Protein chains: 2
Amino acid sequence: MSESSPTIGIGELARRAGCKPETVRYYERIGLVGDASRTEGGQRRYGEEVVRRLTFIRHARDFGFSVDAVRELLAMSDQPDMPCQEVDAIATHHLEEVESRLQRLSALRDELRRMVSQCAGGKVESCRIIEVLSDHQLCISEQAHGGARELG
Amino acid sequence: MSESSPTIGIGELARRAGCKPETVRYYERIGLVGDASRTEGGQRRYGEEVVRRLTFIRHARDFGFSVDAVRELLAMSDQPDMPCQEVDAIATHHLEEVESRLQRLSALRDELRRMVSQCAGGKVESCRIIEVLSDHQLCISEQAHGGARELG
DNA sequence: CTTGAATCTATAGTCGCTACAAGTTTTATG
DNA sequence: CATAAAACTTGTAGCGACTATAGATTCAAG
């Protein structure tokens with residue numbers, strides 16, 4: 001693995017990886033990408049391998065992996081000879097979380113739909129939306145939306 | 001509307017509404033609930049109407065409404081004679097957001113499933129999960145997971 | 001050499017809480 | 001009534017993953 005000469009500025013790096021310079025500096029601060037080499041004047045300069053690394057990071061983040069998970073995935077992708085069990089475990093765990101979020105979000109959608117569809121458009125006093133929000137008993141499923149906050 | 005005498009402590013209030021005392025104080029700080037009356041010693045005491053208000057808040061939050069949306073919903077539920085168009089608008093808007101989140105989360109799940117199922121369990125070097133994360137082109141849908149971070 | 005874009009650091013803000021620390025008040029028991 | 005335990009008080013900092021701002025500096029193009 002030969003490093004390419006570090007000629008890429010933080011702006012171009014960010015653009016090519018699909019994020020902002022601030023995010024790159026943030027990733028440097030938390031150690032997701034290493035310290036960049038600098039120009040005499042102190043500006044960061046990167047080589048192609050950092051573009052690849054940052055692209056990997058952004059892609060994994062787009063998949064919803066947490067920064068900690070990305071950190072582990074990065075560490076593993078740096079060890080090509082190791083078995084990929086752990087990679088698989090992380091991805092499978094994440095998939096399970098996504099599936100569980102989907103279920104709850106879907107139940108939430110059903111409740112919201114029901115609520116909205118029952119609003120007759122009169123006064124607030126008799127608005128079904130307000131009524132449902134006031135009275136948990138009017139929900140079909142008690143568990144449906146307990147903790148929607150975690151769903152984003 | 002007669003106010004009940006304020007005898008309920010913050011702990012009982014929180015328990016009855018399904019949150020924590022810290023959350024109640026937080027809601028007071030941001031103005032979702034008004035300032036409570038106090039004992040001589042300075043402790044907060046509440047009446048039943050606050051239990052109802054806090055329950056409404058928690059319920060709306062469980063439905064995934066933002067605090068700002070809850071603020072508006074509260075303001076409207078305080079005006080029973082007004083038409084409920086705005087209530088409906090807020091709820092419908094929220095429903096649309098939930099539906100859009102669902103679509104993206106569902107596409108994300110499909111990609112994750114595909115990725116995980118293609119992992120043959122060998123070395124990291126040839127792990128499909130790492131490959132997909134390294135190369136956006138291997139995704140079926142480019143849009144599928146662009147911004148999963150917002151999905152929770 | 002000048003201009004303007006890009007970059008630098010440091011810090012604070014976002015959202016909606018949650019957690020802690022160190023002190024005070026209330027309530028229950030002996 | 002004394003004591004202990006529970007609940008409460010304020011203030012502040014932390015979470016995750018950035019994002020935004022300010023004010024200074026550096027770089028690249030003409």
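Please read all numbers here as calculations on a predicted model, not as lab measurements. Reckoned from all heavy atoms, side chains included, excluding hydrogens, waters and symmetry mates. So that the names make sense, note that chain A is the first sequence line, chain B the second, and so on, each numbered from 1.
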Rounded to whole Å, the CG-P distance (A:Asp68 to D:dG16) equals 7 Å
A correct 5'-to-3' footprint of nucleotides 20-30 of chain D, with B, S and - meaning base, sugar-phosphate only and no protein heavy atom under 4.0 Å, is SB----BSS--
**Asked** Relative to the ring of A:His59, is the ring of B:His136 parallel (under 30°), tilted (30 to 60°) or perpendicular (over 60°)?
**Response** parallel
B:Glu12 CD to D:dA6 C1', in whole Å, measures 15 Å
From CD1 of A:Ile10 across to P of D:dC18 the rounded distance in Å is 14 Å
Is the shortest distance from a Lys or Arg side-chain nitrogen in B:Arg53 or B:Asp78 to a carboxylate oxygen in the other one below 4.0 Å? yes
Is there side-chain contact between A:Pro6 and A:Tyr46, with at least one heavy-atom pair below 4.5 Å? no
Testing C:dG16, D:dC18, D:dT10 for proximity to the side chain of B:Arg44, the answer is D:dT10
Rounded to whole Å, the OH-C1' distance (B:Tyr26 to C:dT18) equals 11 Å
Looking only at D:dA17, D:dT9, C:dC8, the nucleotide nearest the A:Ser66 side chain is D:dA17
B:Leu13 atom CG is separated from D:dA7 atom P, nearest whole Å, by 15 Å
Whole-Å distance, A:Phe65 CZ to D:dG16 C1', equals 17 Å
From CZ of A:Arg58 across to C1' of D:dT19 the rounded distance in Å is 12 Å
Can a side-chain donor-acceptor contact be found between B:Arg58 and B:Tyr27 if the only test is distance below 3.5 angstrom? yes
message: Does C:dT9 have OP1 or OP2 under 4.0 Å away from a side-chain N or O of A:Arg25?
response: no
Query raised in the report: Got B:Leu95 and A:Arg113 here, is their nearest side-chain heavy-atom distance under 4.5 Å?
Result: yes
Check whether any side-chain heavy atom of B:Arg38 lies under 4.5 Å from a side-chain heavy atom of B:Gln43, and answer yes or no. no
>> Under 4.0 Å, counting only non-hydrogen atoms across every strand here, what does B:Tyr27 touch: a base, just sugar-phosphate, or nothing?
In response: sugar-phosphate
Hey, does the side chain of A:Arg29 come within less than 4.0 Å of D:dG16's phosphate (OP1/OP2), counting only N and O?
no
If you define the side chain from C-beta out and look only at heavy atoms, does anything of B:Thr7 sit under 4.5 Å from B:Arg45? no
Whole-Å distance, B:Ile8 CD1 to D:dC8 P, equals 12 Å
Closest to the side chain of B:Arg38, out of C:dT9, C:dG16, D:dT9, is D:dT9
